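A short write-up of the structure that comes next.
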Amino acid sequence: MRVLVVGNGGREHALAWKIAASPMVEHVYCAPGNAGTAGCAENVAIAATDITALADFAAVNKIDLTVVGPEVPLMAGIVDLFEGRGLRVFGPSRDPARIEGSKAFAKDVMHKSNIPTAEFWVCDSPAEALDRLARYFSEPRSANGVVIKADGLAAGKGVTVCDTREQAEQAIEAIMVQRVFGDAGNQVVIEERLTGPEASIMVITDGHTIVPMLPAQDHKRLLNNDEGPNTGGMGAYCPVKGLSAADVSAIIESIVRPAIDTIRELGIPYRGALYAGIMLTPDGPRCIEFNCRFGDPETQAVLPMLKSDLVPILIAALDGNLASTSVEWYGGASVSIVAASGGYPGSFKRGVPISGLEEAAQSAGCILFHGGTRVSGNEVVTDGGRVFAVTARGEDFAAAREAAYAAIAHISFQDMHYRTDIASGAA
Ligand code: AMP
Ligand code: GLY
């Protein structure tokens, strides 16, 4: 088989790495890829958002399966376009992908399916949002704070978790008046703030059957001890301590399956990867969000734990055959540490030379997944906010953590930043 992976982050490097290991696969392309995907796939200089050029490439190069990493091409209808041209592609089509692209649609699905989630209000104007906020802050639960979300895609950065009313008012001003996330600020979602540890539950579904991946935990904040701003994710570990297989099944039944069933009943069946962001509150698991794709960096922590070949699972999802698929996982644990450019999630430099990548990749038990990197002359240089992730698998979290931190210590670039407490709460 010839497989095309769409995207250029660490998640896509992990997907290309796992797909290239399949005995069913003879060639992997990655569009546009990064300096790391060039090691396990052939990079193709087409942007992940140029869906017409991607379909032309897949047709001309007789691609048997395309796997889409990021949400933007899914929201733009890459799956509808490929399927219309008779090309096989893994991911949800445009309508069900709104589960991520529109917070309001996601909340509507949660409401129709009785999925436990935070109470929320969708507001269409700054005046309405400020009025709603004033009422919320007259209630005792506001002591926990409030969450303000831009309605639309904002690269994981459209969410502000606010301790005070003043912070919430500033977030509304930034989203709806200054339009820092563009059209994602047409509507704002004001949400009750929940508390508790988080878990990322990723599944593969054909629209009926659900194959869960091992649960993972992301570290969303930039700095140690979960301080600083929210990011796309600074590291992840897998599985989640204290979340048993029975707990995961309960989350699937109360949160994931109702969403997939409701979306199917809307006439827009969901096929592909679905990611549920869960908060384990004192009152039980609550759904924080759905994503229409695999997580980044969760995928870099989870795929190395998958013993089975991924490719037959993806194909079974496309063929509506997942019920006959069995999936095996390794025991132990994995830890993935992200290194980011100085300044991320704000502005940062690109083109900074990186040293020590080869030494890190050779570290025992480690896999190096590139994110924002590219080749410049005979050097690998930075080309994004999250530059790479080092994943290690071990018999327990302590062993995996130690191996991952030993490997990342080989790598350096100017203003490189990583958290030193990834998975420290897990062991
Ligand atoms: P989202 O993009 O919706 O996943 O939000 C990003 C992050 O913001 C989540 O992973 C949580 O850490 C936090 N968050 C979102 N919604 C809530 C909520 N209702 N209560 C507390 N934290 C939240
Ligand atoms: N790591 C969070 C996400 O992929 O949305």
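Quick caveat: nothing in here was measured; it's all calculated off a predicted structure. One-based numbering, in listed order, for ligands and for the atoms of each.
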Against heavy atoms of [X], which atoms of ligand 1 measure under 4.0 Å?
X      : answer
Ala118 : 19 (N)
Asn230 : 7 (C), 8 (O)
Val161 : 8 (O), 13 (C)
Glu191 : 16 (N), 17 (C), 18 (C), 19 (N)

Ligand 1 contacted by Glu192 (non-hydrogen, < 4.0 Å): yes
Sub-4.0 Å heavy-atom contact, Arg286 with ligand 1: no
What do you reckon, does [X] put a non-hydrogen atom under 4.0 Å from ligand 2?
X      : result
Tyr275 : yes
Gly295 : yes
Ala236 : no

Asp218 neighbourhood, listing ligand 2 atoms whose heavy-atom distance to it stays under 4.0 Å: 1 (N), 2 (C)
Element-labelled atoms of ligand 2 that are located less than 4.0 Å from some non-hydrogen atom of Gly232: 1 (N), 2 (C)
Partners passing salt bridge (Lys or Arg N to Asp or Glu O under 4.0 Å) against Arg135 (at least two apart in sequence or in another chain): Asp131
Tell me, do [X] and [Y] make a side-chain contact under 4.5 Å, heavy atoms counted?
X      : Y      : result
Met176 : Val188 : yes
Phe290 : Ile255 : yes
Thr382 : Phe388 : no

So is [X] polar-close to ligand 2, meaning N/O to N/O under 3.5 Å?
X      : answer
Asp296 : yes
Lys220 : no
Glu298 : yes

Ring-face cation contact, Tyr330 with Arg393, 6.0 Å cut, 45° max: yes
Atom 5 (O) of ligand 2: nearest protein contact (heavy atom, Å): Arg293 NH2, 2.8 Å
Whether Asn34 side chain and His370 backbone form a donor-acceptor pair below 3.5 Å: yes
Residue part near ligand 1, for Thr195, under 4.0 Å between non-hydrogen atoms: neither
Under-4.0 Å heavy-atom contact with ligand 1, by part of Asp218 that carries it: neither
Side chains of [X] and [Y]: is there a donor and an acceptor less than 3.5 Å apart?
X      : Y      : answer
Ser200 : Glu298 : yes
Ser113 : Asp261 : no
Asp296 : Gln300 : yes

Arg271 with Glu83: basic N within carboxylate O range, under 4.0 Å: yes
Ring centre gap for Tyr237 and Phe397 strictly below 6.0 Å: yes
Parallel, tilted or perpendicular: ring planes of Phe294 versus Phe90, cut at 30 and 60 degrees: parallel
Heavy-atom nearest neighbour of atom 12 (O) of ligand 1 within options Met279, Arg221, His219, Glu198: Glu198
Selected option - heavy-atom contact closest to atom 16 (N) of ligand 1, from Lys220, Arg193, Lys149, Glu100: Lys149
